[in-house]
Colleague: 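Right, I'll just put the structure down here and ask away after.
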2 protein chains.
Amino acid sequence: MTNDATSSLTRPQTGNAPASEPIPRRTLHDELLQRLRQMIVNGELNPGQKVPEKDLCARFGVSRTPLREALKVLANDGLVTLTPNRGAMVADLTLGDLEEAFPVMGALEALSGEMACANITDEEVAEIKRLHKAMVAHYEARELQSYFHVNQEIHQLILAAARNQTLTSAYRGLEGRIREARYLANMSTSRWTRAVEEHEQMISALEARDGAALAAILKSHLANKFETVKEALLSRVAD
Amino acid sequence: MTNDATSSLTRPQTGNAPASEPIPRRTLHDELLQRLRQMIVNGELNPGQKVPEKDLCARFGVSRTPLREALKVLANDGLVTLTPNRGAMVADLTLGDLEEAFPVMGALEALSGEMACANITDEEVAEIKRLHKAMVAHYEARELQSYFHVNQEIHQLILAAARNQTLTSAYRGLEGRIREARYLANMSTSRWTRAVEEHEQMISALEARDGAALAAILKSHLANKFETVKEALLSRVAD
DNA sequence: GTTTTGGATATTGAATTCATAATTCACTTT
DNA sequence: AAAGTGAATTATGAATTCAATATCCAAAAC
C-alpha cells in the first residue's frame with residue numbers, strides 16, 4: 001500500500017490555546033474543505049483542471065471518504081463541477097457567470113456599506129485608515145500582490161463592521177467564485193489609479209458615517225473590479 | 001440485517017422521457033440531498049430535532065456513505081447542525097438568525113423586483129395574474145395552506161423572471177432557512193389582509209414594469225412576512 | 001439519598017472493499 | 001492506414017468494516 005502520510009493532516013493543534021478551553025477538534029472533512037477551498041481560490045488549482053480523487057488523497061494523506069464529502073460541499077458552493085461517474089473539475093468561471101454575479105454582489109456590497117456605517121467603531125475606522133495608507137504605498141511601489149492582499153483586508157473589515165454573519169457568508173460565497181479567476185488579474189494603470197481614488201472616497205464616507213454614499217461608492221468600485229476580472233477572463237480564453 | 005428496501009430510492013425514472021435523450025442519471029447523494037432539504041423545509045423534520053444517521057438510512061434504504069455526504073452539504077447550507085462525534089440535528093432558527101437574514105433577503109428581494117421588471121414577458125405577467133386570482137380566492141376561503149402554496153409560486157415566478165441563476169440560488173438558500181420555521185405560521189387576519197393588498201400592488205408595478213416601485217413593495221412585503229415568522233418563532237418557544 | 005465512577009452499548013469518523021461505469025489501447029476490418 | 005470494436009485498465013459510487021468517541025446505566029462511594 002502506498003500511503004505516505006508525510007503531508008498528512010494534523011488534528012489537535014495543541015500548544016497555543018489558553019490552558020483549558022473547549023479543545024478544538026476538527027474532522028478531516030472540515031479541514032479538507034477549508035484547504036481545498038483555499039487552493040482553488042488562490043489559484044493553486046486552475047479552473048477547468050480535473051481533480052482526480054486519487055491525487056488529492058495522496059496529497060493530503062487521507063482516504064477517499066472525507067475527501068469526497070468535501071468535494072460534494074464545494075460542488076454545492078459552485079467551486080467545483082461534479083459529473084456523475086466522471087469526477088470533479090475546478091469550476092471555471094464563464095463570462096455569463098460573472099455577469100450574473102455582478103448585480104447580486106452589488107446589492108450585497110451596498111448593503112454592507114450601509115450597515116457598516118451604522119455600526120462601525122472609531123477604532124475600526126482608524127484601523128481601516130491605517131491599512132489604506134499601506135495599500136497606497138503598495139500602489140505607488142506597483143506591488144500588485146501586496147496591494148491585492150491589503151485591499152482584501154480592508155473589504156473584510158468593512159464587511160465585519162456590518163455585523164451580519166448571514167451577509168458575510170453570502171458575500172464570501174460569491175466572492176470565492178470571483179477570486180478564483182482573480183489571481184491572474186493584471187490591472188491597467190488607469191484602472192488601478194481609479195481604484196485607489198475610490199478607496200479614498202470610501203474612507204471619507206466611512207468617517208462621515210454616510211451609509212448611502214458608501215453604498216454607492218462600493219457599488220461602482222465593484223464594477224471596476226468586475227471589469228478587471230472580466231479582462232483577465234477574456235485574456236485567458238486567448239491562451 | 002434489517003434493511004427493508006421498501007421505501008428505497010429509485011434511480012432510472014424510465015418511461016416518460018422523449019425516446020432518446022441524455023438519460024437522466026442521478027447519484028444517491030444528490031437525490032438524498034433534495035429529499036432531506038424538502039423534509040426540513042416542509043417541517044417533516046422539526047428544528048432542534050436530532051437526526052440519527054441510522055434512522056435516515058433505514059428510511060431511505062441507503063447506506064451511510066451517500067447520506068453523510070448529503071448531511072455535510074446541508075450543514076454547509078445551514079439547514080442542519082453537525083457536531084463532531086455527536087451527529088446531526090435540524091438547525092433551529094433563532095431570533096438572531098432571523099433578524100440577520102432579514103436585511104440580506106431584503107436586498108436580494110429588491111434586486112429581483114428590479115430585474116424582473118426589466119425582463120419579464122407579457123405571458124409571464126399574465127400567468128402571475130392568474131395565480132394571484134387563485135391566491136385571493138384561497139384568502140377569501142381562509143385556506144391558509146393553499147394560500148401559502150400559491151403565494152410561493154408567485155414569488156418563484158418573479159424570481160425566475162429576473163433571469164439570474166446566481167440571484168435565485170442565493171435567495172433560495174436564505175429562504176430555505178426561513179421556511180423551516182414557516183410551516184407553523186398562523187397569520188393574523190389583519191396581516192393577511194395587508195399581505196393580499198401588497199400583492200395587488202405588486203401586480204400593478206409588474207404591469208407597469210416599474211422596477212423601483214416593485215422593489216419597494218417587495219421589501220415591505222418581506223417585512224410583513226418576517227413579522228409572521230417571528231411570531232411563529234416566539235410562540236414555539238412558549239411551548 | 002445523591003453523586004461519582006466504571007464499563008457496556010450505541011453512534012459517529014474514516015478506511016477499506018466491492019460493484020459499476022468510463023477510459024484506454026490493442027486488434028480487427030475495411 | 002483509418003475507423004471501429006471490444007477487452008483490459010482505471011476511476012468513481014456506494015456498502016461495509018474498523019476504530020474512536022459519546023451516551024447510558026448500574027454499582028460504589030460519600
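Order of the sequence lines fixes the chain letters, A, B, ..., with proteins taken first and strands second; residue numbering starts at 1 for each chain. Not measured: the values here are computed from a predicted model.
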Colleague: Lys72(A) NZ to dA14(D) C1': how many Å, rounded?
Modeller: 10 Å
Colleague: The side chain of Lys54(B) lies closest to which of these nucleotides: dA14(C), dT11(C), dA15(D)?
Modeller: dT11(C)
Colleague: From dA11(D), dA14(D), dA14(C), pick the nucleotide closest to the side chain of Arg64(B)?
Modeller: dA14(C)
Colleague: Find the distance Leu28(A):CG to dA20(D):P and express it as a whole number of Å.
Modeller: 13 Å
Colleague: Can you pull the ring pair (Phe, Tyr, Trp, His ring centres under 6.0 Å) pairs that have at least one residue in residues 31-54 of chain A, sequence neighbours excluded?
Modeller: none
Colleague: Which nucleotide sits closest to the side chain of Pro66(B): dA14(C), dA15(D), dT12(C)?
Modeller: dA15(D)
Colleague: Nearest nucleotide by nearest heavy atom, which residue falls closer to the 5' end of DNA chain C, Lys50(B) or Lys50(A)?
Modeller: Lys50(B)
Colleague: Round to the nearest Å and state the distance from Leu67(A) atom CG to dA14(D) atom C1'.
Modeller: 16 Å
Colleague: Does Leu28(B) form a side-chain contact (heavy atoms from CB on, under 4.5 Å) with Thr65(B)? I'd like the steps, not just the answer.
Modeller: CA-CA 10 Å; Leu28(B) 284 180; Thr65(B) 307; over 6 Å; no
Colleague: Taking the inter-plane angle between the rings of His155(A) and His221(A) on a 0 to 90° scale, is it parallel (under 30°), tilted (30 to 60°) or perpendicular (over 60°)?
Modeller: parallel
Colleague: Please report, rounded to the nearest Å, how far the C1' atom of dA14(C) is from the CZ atom of Arg26(A).
Modeller: 16 Å
Colleague: Check every atom of dA15(C), dA15(D), dT12(C) against the side chain of Glu53(B) and return the nucleotide holding the closest atom.
Modeller: dT12(C)
Colleague: Between C1' on dA10(C) and CG on Asp55(B), what's the gap in Å once rounded to a whole number?
Modeller: 12 Å
Colleague: Can you list the residues that meet the salt bridge (Lys or Arg N to Asp or Glu O under 4.0 Å) rule with Arg64(B), with sequence neighbours excluded?
Modeller: Glu53(B)
Colleague: Going by the rule salt bridge (Lys or Arg N to Asp or Glu O under 4.0 Å), which residues pair with Lys225(B) if we only count those two or more places apart in sequence or in a different chain?
Modeller: Glu175(B)
Colleague: Check DNA chain D against residues 75-90 of chain B and give the residues with a non-hydrogen atom under 4.0 Å, in numerical order.
Modeller: Asn85(B), Arg86(B)
Colleague: CD of Glu69(A) versus C1' of dT12(C): gap in Å, rounded?
Modeller: 11 Å
Colleague: Could you tell me whether the phosphate oxygens of dA15(D), OP1 or OP2, come under 4.0 Å of any side-chain nitrogen or oxygen in Ser63(B)?
Modeller: yes
Colleague: Holding to salt bridge (Lys or Arg N to Asp or Glu O under 4.0 Å), I want the full list of residues that pass it with Glu99(B), two or more places apart in sequence or in another chain.
Modeller: Lys230(B)
Colleague: Only pairs at least two apart or in different chains count here, so list each ring pair (Phe, Tyr, Trp, His ring centres under 6.0 Å) that has a residue in residues 90-113 of chain A.
Modeller: Phe102(A)-Phe226(A)
